Each structure stands twice: as structure tokens, then as C-alpha cells.
Amino acid sequence: MSDYSGERMRDRRGVRTAVAGLLVALALVLVLGGGSLLGARSAAPTTAAGLVVGRTSAVCTAGAADTLPSPTATPTPGGSTSGEPGGSPTPSDPAPSPTPSASPSASPTPSASASADGDAPTSTVSAVAAAQGAASGTGSLTGTLPADGAGDLEVTQPGSGAVQTGVGAPLLLTGEGALATAGSGAVTSQEDGGETAGLMAAPCLVPGTEQWFVGVGSRDSDRTELVLSNPDDAQAEVDLRFFGPQGRVVVPGSPGVVVSGRSSRAVSVSSLVDADGPLSVAVRASEGRVSVAARRIRTDDLRPAGADWQVPSVAPGPAVVVAGVPGDVGARSLEVVNPGPDRASVSVEVLGLSGPFAPAGADVVEVAPESTASVALESGLAGESASVRLSSTTPVSAAVVSTSSREDAQADLAVQSALPPLVRQGVSAVGAGSGSTAAELVLSNGGDADAQTSFREVSYTGVVLREDDILLAAGGTATRRLTGTGPSYVVVDVPDGSSVVGSVILTQPEGDVAGLATLPLTSPDVASRAPSVEQDPAVAR
């Protein structure tokens, strides 16, 4: 190549470098100016800071849906089953709901008559919007039938609540605006006779893609129905996995259960599996999302022996806490599921009023791979309300099945599930019972450091009835009797990063039925809170 050609190439390289530099500079100018040129939002907010708003939803499971046709499967050694698949599942529409008026003065735990099917009682749905500091804004919390949007339950003022009685089908509790992340709901019923005699209670549950039910009943004398509700327009599809005392129980027809959009249906566990021993169920949505509650009914020689709603336990982990185990006399059965391939050695501690201690005869539970194990716990509870902490060599989840006992009274059933720690605030939409029902708040600290908490009992009209500070020692439990004379709810404030869990225990100290139920505290739906976005002026929109 000649000197002339080389000089020309060097000159062109210089020109190309200069042009590239100009283009980069121009691009930077456009990007930096994009906020104004392309109409994007300013980095600085143009309005005063306020409560983050959005939309949240939860399902209040009430009544009973039609039971899904299913095969009768009998477990065989090695965890398999025999049985022929039943007919193709057909989604069932929720039963029509009555439309009584909603009023803050109604009792959260009324006596309700049985529904038309003779099995499920009609229920009361309570909804509250817990006040969040000095933040204010408009919004609403409404309860409606998912199918047609009908319903009379509505809360519009922060700090207040309302109830709807006579509910015979699941309600969708929707929070919007300033009340989106402040809403909480609960379903309660109280029966004097029939197979659902006693107390039944459960919080309204946020839909998800995975739920665990530990120690469910799967016999004629201990029946369980999983009520699956789909609040969305698109259909959901779920798979059921069963873990029995001898390992995995494979059930033909249990994968691929379809739940149509805005509908509910029930799956009878007892008709799928007849397991002699504890059984756990993992419900996983392969399409969409569902809210699931387990309706459990016990009988003794065809006589009623208790009923309750069982809510999901936390997903298996190396450490879990079962909150709010009642301290009165009666059987207490600790159920533990190990879904993993390795044997689990589980250490059990009771978080008592005086600190943690190992329960006599139940301090260690061995659980085979992909199995569920059970151990009697009542002798190790020392007769006091407490929580139970489990530490395992491999991930597990748990629940406690409690039975009430009172002389000359029918026994009742209540299930306490392993709960996640509260995040900043825990709420129970029912904080006081009716005239025949007593209520107790149970708070436990599953962490290794003390936690300074406070609680308030608030009427449905927004009046603070009682407030107190509670220092929870590490591994300890504290209880408070709730003595409100009218409808009220409970709010518990907890420090960030703590491991506090809690429940409200409802009992019937008098009458022909020794009613028993527990309502776990739940944190407002922080997962659905609109994210706090920091605008980047260097990015055009």
C-alpha cells in the first residue's frame, strides 16, 4: 500500500471517530432530555406523598360448593393406590348467596341455621379496614359473589368494619384505593346442632399457586373437603399431591383439576384416599391461581364430633411455627409432613408463657421421606395456650389438630396451621365473641431476640376499646383476654424483621357444645401493594 493510500485510510479513521463521537453526544442529549421531549414523568413527584394505592383481593370461603366427582382410591403398600378414575370433572357454580344487609352492629359470631344441603352452615363474613397511621385517602373494601359481583358488604372508612350474615357461598373481598392494603376479613359460624355443631372460623385467604394442608382427615369419621375458589376470569388448573403415613399416595385423576373462572368447587379428600393415619395434601396451580380452604367434619358413631375450617400451612422449611394452640384440656395432635427424599429429624419446642421448653414425650419427631407423621402433644403443653416451633434437618411443614373437652358437652374440632411471621402489622377481623363466645389473643415470638409489640382492640365504628404494649421474650408467648361487648377487631404492631405470630382463640365456655376455633392473625396484603418506583430521568418512556 502506498503512502498516499495509507494517509487516506488514516484520515477516514479520524473522520469515522469524530462522527461516532458526535453521534454518542447527540444520543446522550436525547436521553437526558427524554423526560421532557417524550412526555415521561418527572423524577420528582408532582403530588404530595400519600398512601400507596392499588387493588387487592381475598376469598372468604363460606358454605359448601358441589363436590367434585372423584374415584375411590385405596392406598397400597409403597404409597400407590388402586381405583378407577371417576368421570370427567365438571366445574360447579357457587350456590346463590343471600343478600342480607351489612351492618357494623351485627355480631361476628351469630347462631346460623344450616344451609339447604343440610351439611354446611350459613356464615358471617366480617371485613375491616385497619387504619394505617396518619395516611389517608379514598378507597373501598367490598365483598361480592365472584360470579356476578352481587353483595352488600362494604367498608369505606379506614379504621371501621362491617359484617354480612347468612352467607352461603364464597365471597370475593376486594380492596381498592387507600384501603387496598389495609383490608382483612374472616368467616365465622356457630351451630347448636348437626354435624357442624360448634364454632368454625377462618380468615379470608389471598389466592396463590401453592398451598399445603397438613394432617387432614381422610376417613368416613374424619372427612375433609378442599374448597377451591378461582377469583379470576380465566380458568385455573390444579394438581393434588398426597403424603400419607407410608409415603406418597398416587391417586388417579387428582392432577389437572379444573376450576372455571369466577367459581368455586370442592374436592372430597375422603373419597380420593382412605388412609389409616395422617395425610397431607399439596395443592399446586399449574394454570392460574386459587384460594383453598379445607372444610373438616368429624363424627363419632354417626354423632357429631366437631367441625372447622383448616387454612393452609406455610410451605415446608427448616423451621416453622404453629401458632395459637389452645391450652384447655383435650387432645392435641401435632402433624408433620416431610415432602423431601430424605428422612427428617424434627426437634419440637413449645413457646410457652415462661419461655421455650421441650414437650414431654414429643420433643423429637422422625418423619420418613415423602410422608406425614403424628404425635400426641397435650401432655407436653402444660395446660396453657402456646405456639409450637419445629426445627428440622430437612424442610417440613406442620399443623396441630385440637379437640375441645368439657363435661356433658359435645366436643369440637379446631386446626392450627404453621404460619408465616407477621410483617409490620397483624390483623384479626374478629376480636370479640358474641354473648356465648369468649375470645383470647395469643402472641408468640419464634425468634432469638425479644420483640416489642403493641395491640389494639377496635370497634367496627373505629373506636379504640383497648390498647397495650407487650414485650415478647425470645421463644415466649403472651395472652390477653378480649372483652369487647360489640363487634371489634384486633391490630398487632410488630417490629421489622421479627418472627412474631399470633391467633385469636374462640371458645364456648357454656352450652351443649364446647365450641372451639382459632383465627390466625394475617398481615394486610403487602405482596399486592403497588411497588414504590423511583423514576430515572435518564430513561425515556
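All values below come from the heavy atoms of this structure, side chains included, with hydrogens, waters and symmetry mates left out. Because the structure is a prediction, the values reported are computed rather than measured.
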So OG1 of T224 and CG of L279: to nearest 0.5 Å the spacing works out to 8.0 Å
I'd like to know if the side chain of D412 reaches the main chain of A307, judged simply by a donor and an acceptor atom lying under 3.5 Å from each other, with no hydrogens or angles considered.
yes
Please name all residues satisfying side chain to side chain contact (heavy atoms under 4.5 Å, CB included) with A514, sequence neighbours left out, ordered by chain then number.
S404, R406, A409
Side-chain contact test, heavy atoms from C-beta onward, threshold under 4.5 Å: evaluate it for P326 versus L516 and give yes or no.
yes
Starting from the C-alpha separation in whole Å, work towards a yes-or-no answer on side-chain hydrogen bond (donor to acceptor under 3.5 Å, both in side chains) for Q416 and S402.
CA-CA 8 Å; Q416 297 79 51; S402 301; 2.7 Å; yes
With no hydrogens and no angle check, is any side-chain donor or acceptor of R389 less than 3.5 Å from a backbone partner on G446?
yes
Is there a side-chain contact between F213 and V292 in this structure, where contact means two heavy atoms from C-beta onward sitting under 4.5 Å apart?
yes
To the nearest 0.5 Å, tell me how far T403 OG1 sits from E378 CD.
8.5 Å
Check whether S385 reaches the backbone of G327 with its side chain - one donor and one acceptor, N or O, closer than 3.5 Å.
yes
Donor-acceptor contact present, side-chain N445 to main-chain L472, <3.5 Å:
yes
The test is side chain to side chain contact (heavy atoms under 4.5 Å, CB included); show your working for L171 and L145 and say whether it passes.
CA-CA 5 Å; L171 288 185; L145 285 172; 4.1 Å; yes
Check the pair T144, T142 against side-chain hydrogen bond (donor to acceptor under 3.5 Å, both in side chains), reporting the backbone distance first and the verdict last.
CA-CA 6 Å; T144 58; T142 57; 5.4 Å; no
Report yes if the side chains of V187 and T61 come closer than 4.5 Å at any heavy-atom pair, otherwise no.
no
Between atom CZ of R289 and atom CG of N230, what is the distance when rounded to the nearest 0.5 Å?
8.5 Å
Tell me if the CG atom of D448 is crowded by more than 12 foreign heavy atoms within 6.0 Å.
no
Nearest 0.5 Å please: distance from the CG atom of L173 over to the OG atom of S126.
10.5 Å
Measure the spacing between CZ of R456 and CD of Q425 and express it to the nearest 0.5 Å.
6.0 Å
Using atom types as modelled and distance alone, determine if a side-chain donor or acceptor of Q310 lies under 3.5 Å from a backbone N or O of V214.
yes
Given 3.5 Å as the limit, does a donor-acceptor pair link the side chain of T393 with the main chain of S345, or not?
yes
Side-chain contact, heavy-atom cut-off 4.5 Å: D450 with L471?
yes
May I have the step-by-step check of side chain to side chain contact (heavy atoms under 4.5 Å, CB included) for R480 and E457, ending in yes or no?
CA-CA 11 Å; R480 294 291 187 273; E457 186 176 0; over 6 Å; no
Heavy-atom donor-acceptor pair, T372 side chain to P278 backbone, under 3.5 Å
no
Taking only residues two or more places apart in sequence or in another chain, which ones pass side chain to side chain donor-acceptor pair (under 3.5 Å) with E510?
none
Rounded to the nearest 0.5 Å, what's the gap from OG1 on T174 to CG on L179? Could you check?
12.0 Å
S523 side chain vs V423 backbone, donor-acceptor pair below 3.5 Å:
yes
Going by an N to O cut-off under 4.0 Å, is there a salt bridge joining R298 and D308?
no
Donor-acceptor contact present, side-chain E176 to main-chain R55, <3.5 Å
no
Closer than 3.5 angstrom, by distance alone: can the side chain of T477 be matched with the main-chain N or O of L351 as a donor-acceptor pair?
yes
Side chains of L521 and L441 in contact at under 4.5 Å (non-hydrogen atoms):
yes
